[in-house]
Amino acid sequence: MKSFQLSKLYIPFTYKMMIPYMALVLLTDVLVGYISYTMLVQSRTEMAETNIRTAMEQTRNNIEYQMDEIERISSTLFSSLTFQNALQNTGEPLEIMLKMKDDIIPQMRAPLQLYGNNIRLAVYTVDEKMYEVLGDDMDKPIQRRDYYVLSMHHIENTDWFKSLQASNQDNLWIQLASDRKLENVSHFRKLVSSSGMASVIGYVRVTARFDELLGNFDTFPIDQGISLRLLNTQSGEVMYTRGLANHQSNPASYLSVKEEIPGTPFVIETLVPHAYLSKDASKMQKVIVAVCLISFLVMAFIGYIVARLSGKKMKRIVMLVRSFQEGNFHKRIGFTGNDEFVHIANSFNQMATSIQELIKNVYVQGIQKKQAELDVLQAQISPHFLYNTLSTIGSLANLGETDKVTAMVQGLSKFYRLTLNGGNVYITLEKEIEQVKTYLDIQRVKYADTFEVYYDIEPDILQTPIIKLILQPFVENIFKHAWFGKTIAIRITGRRLGDRIELKIIDTGIGMRPDTIKKMLSNTSLPMPMPVPAGQTDKVEDAKSDKYGLKNVEERIKLRYGTDFGIRIGSHYGAGTTVQIILPVENAEMREDAEGIWL
C-alpha cells in the first residue's frame, strides 16, 4: 500500500522542470567552489613553503657565519708562531708559567670575547710540563664562554681520538665525547710546529651549542608540528633535532625542505607536515561552502518564484481536474487570451460536459444494476430461512407441541422485524448479533439445550454499521452441516484490526474437507448435509437451497465493499470449522446508507 501511495505522489510540472535547473546550479557552485578551494590551498601551500625556505636560508647563513668564525679562531691559533713557541717551551717552570700567562691565555681569551655566543675553547698540549687550565665540566651544558689548557692524557685513550688518529682526519666538524648527549658540535684540528719536522704540538677543540649555531627558531613554528634537523651526509647521522616529527614513521605526511651548508658535510632539513601547509584550508573551506550555499539558495529562490509564477494556470487546471476526479462535474475553467492553456481549458470544459452525460447513461445505470443484484441476493435469504422455519413449525404442530410452535412463531416475528430494519441496507453490529441470538432462540426450541453459544465481541465495535444478514447464514450452516453428535459449541467473536473489522464464527462440529470448502465458495451447489443422529431428520433439506448460503454472503460483501473484503474458511475434518469475515469500518456508501440507523 505504501509503494502505491508513493507512485501516486503529485509533483507540479513546473517544479519538475526546476530539478535539472537546480542540478545545473548545484553543479556549477560545486565546480566553482572546488576550483576556488584548490587554488587557495595551492597558493597557501606555496606561500608557507616559501616562508620556510626563506627561514632556512637565514638559518644556513647564520650557522655558516658562526662556523666560519669558529674555524677562524682555530686558524688563528694554528698560525700564531708566538702561540706555537709557547706550547713548545721546555724551560724552567717559572718561564713556562710566564709564557702561558703572556702568550697562551691572552690569545685564547681574545677570540672568545669577540665571539657572540657561548663556546668552549680547549687546547690539548703534547708537552707534559705545560700547566693545565681547567674550565667548567665538559660533561655539562655550555653556560658561558670558557677556555681550557689540558694535557694530551685527557684524550689519548678515548675511542674517538683513536678513531681520528687511525683515519688521519683533521680540521673537521664532529661530535666528540659528550657532544651528542649535550646537543653540541666541535671543530677539531691539529696544532703543528712550523719549524723543523712539522711535528704535532697539540690539538684545538672548539665546542658550540647547536641551538646557538642555528640561531632564532621563532621562524620555525615547532609547536605546529614543524621539525628542524641537522644531518651529516657522510655518516648519515642525525646530529641535531628540534621538534617532534617522526619522519621515518610516515614520510608521506611531511614535506622535506633541505639546505646544504657550503664547505661542510652538514645539511639542514626541515620537515613540514602537510597539515601545516593547509592549516587555513578549513577556514577557507567554510567560507567557500558558505558562499556557494548562499548562491545556491538565491538561485533556488529565483527558480521557485519563476516556477510559481509560470505554474499558476497549470495548478488551476490540476485543481479542477482533481475536483472533477472527486465527482464534482459542474466546475469549468475560464482563461483569457489565446495560448495553450486556453485550448486546454476549452477541451477540458467540453470533456466535462460529455462525461456528465455519460454518467447519467452509464454510471447511474451501473449503480442501479448493482443495487438490483444486492436486492436479489438479499431476497434469497429471507424466503429460504422462512421456508425452513415454517416447515419446522408445521412438524411441531402435527406433533401437538403448541408451546414450541408459539415460541418459534414469536422468535420468527422478531427475526423478521430485525431483518426488515426499516428498509435500510446497513444494520449495527449489535443488532446483527441480536438477530443471530433470535435465530438461535428459534433453534433452541427445536434442539433444547443440546448446543452452547459464546460471544466475545469488543464493545467499541458494537455500533459499527454493517450489511445485514451476514452472520445468520453461517450459524444456520452449523446446524445443517457441522452438527455430528449429541452436542455442539458455537463461539462468535468480533474485534477491530486497524481500519477493518474481523468477525469469526467457530464451531466444534465435524468440520469439512478442502474440496467441500471449495464447492461452498463456488457457483456450484453445496453438497448434501452431513448425516445427523436419529430423531433429527427434520434438519435434512433440499440441497438446491444450500447455494444461497456462504456464496450469497460472499457476493454481497464484495458487491458492497469491494474485492479487498470477504470470507475465509478454515476447517479440519473431525475438528471443527472457523469462518472469518473481514469488513471495513466505514466507507462513503456506508455513511450515506447508515444515516437512517442513527435517526
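Residues: numbered from 1 along the sequence shown.
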Please name all residues satisfying side chain to side chain donor-acceptor pair (under 3.5 Å) with Thr28, sequence neighbours left out, ordered by chain then number. none

Tyr573 and Ile510, any side-chain heavy atoms less than 4.5 Å apart: yes

Sub-4.5 Å side-chain heavy-atom contact between Gln435 and Leu469: yes

For Arg491, check side chain to side chain donor-acceptor pair (under 3.5 Å) against everything at least two apart and list the hits. Asp456

Would a 4.5 Å heavy-atom cut-off, applied to side chains only, mark Leu503 and Ile470 as touching? yes

With Val475 as reference, evaluate Asp507, Val453, Val579, Leu440 under the side-chain contact (heavy atoms from CB on, under 4.5 Å) test and give the passing residue. Leu440

Only counting residues at least two apart or in another chain, list the ones meeting side-chain contact (heavy atoms from CB on, under 4.5 Å) with Met47. Asn51

Counting only heavy atoms not in Tyr455, do more than 12 sit closer than 6.0 Å to its OH atom? yes

side-chain contact (heavy atoms from CB on, under 4.5 Å) filter on Thr487, not counting sequence neighbours, yields none

Value for NZ (Lys431) from CD1 (Ile466), rounded to nearest 0.5 Å, stands at 12.5 Å

Got a sec, which residues hit side-chain contact (heavy atoms from CB on, under 4.5 Å) with Ile457, two or more places apart in sequence or on another chain? Leu429, Ile433, Ile461, Leu462, Ile492

Nearest heavy-atom pair of Ala489 and Tyr454: which atoms, and what distance? CB-CE1, 4.3 Å

Closest contact, heavy atoms only, Lys558 versus Phe565: NZ-O, 2.9 Å

Applying side-chain contact (heavy atoms from CB on, under 4.5 Å), name anything that partners Ser43, two or more places apart in sequence or on another chain. none

Sorted by chain and number, sequence neighbours left out, ring pair (Phe, Tyr, Trp, His ring centres under 6.0 Å) with Phe451 holds for Phe479

Return the minimal non-hydrogen interatomic distance between Glu432 and Leu471, and the atom names on each side. OE2-N, 3.1 Å

Compare every heavy atom of Gly509 with every heavy atom of Ile488, then report the nearest pair and how far apart it is. CD1-CA, 3.7 Å

As an exercise, state the distance from CD1 of Ile505 to CG of Asn477, rounded to the nearest 0.5 Å. 10.0 Å

Got a donor-acceptor contact below 3.5 angstrom from the Ser227 side chain to the Leu271 backbone? no

So which atom in Lys504 and which in Thr578 form the shortest heavy-atom distance, rounded to 0.1 Å? CD-CG2, 4.2 Å

Gap between atom CD1 of Ile557 and atom CG of Leu583 - 0.5 Å precision: 5.0 Å

Rounded at 0.5 Å granularity, tell me how far OG in Ser295 sits from CG in Leu26. 10.0 Å

Between Ile567 and Glu554 the two heavy atoms that sit nearest each other are N-OE1, 2.9 Å

Can you find a heavy atom in the side chain of Phe301 that is under 4.5 Å from one in the side chain of Leu297? no

Side chains of Ile52 and Ile226: closer than 4.5 Å at any heavy-atom pair? yes

Mind checking whether Ile467 and Tyr561 have side chains closer than 4.5 Å, heavy atoms only? yes

Holding to side chain to side chain donor-acceptor pair (under 3.5 Å), I want the full list of residues that pass it with Arg495, two or more places apart in sequence or in another chain. Glu502

Measure the spacing between CD1 of Ile506 and CD1 of Ile478 and express it to the nearest 0.5 Å. 9.5 Å

Is any side-chain heavy atom of His481 closer than 4.5 Å to a side-chain heavy atom of Thr577? no

What residues form a side chain to side chain donor-acceptor pair (under 3.5 Å) with Tyr304, not counting sequence neighbours? Arg308

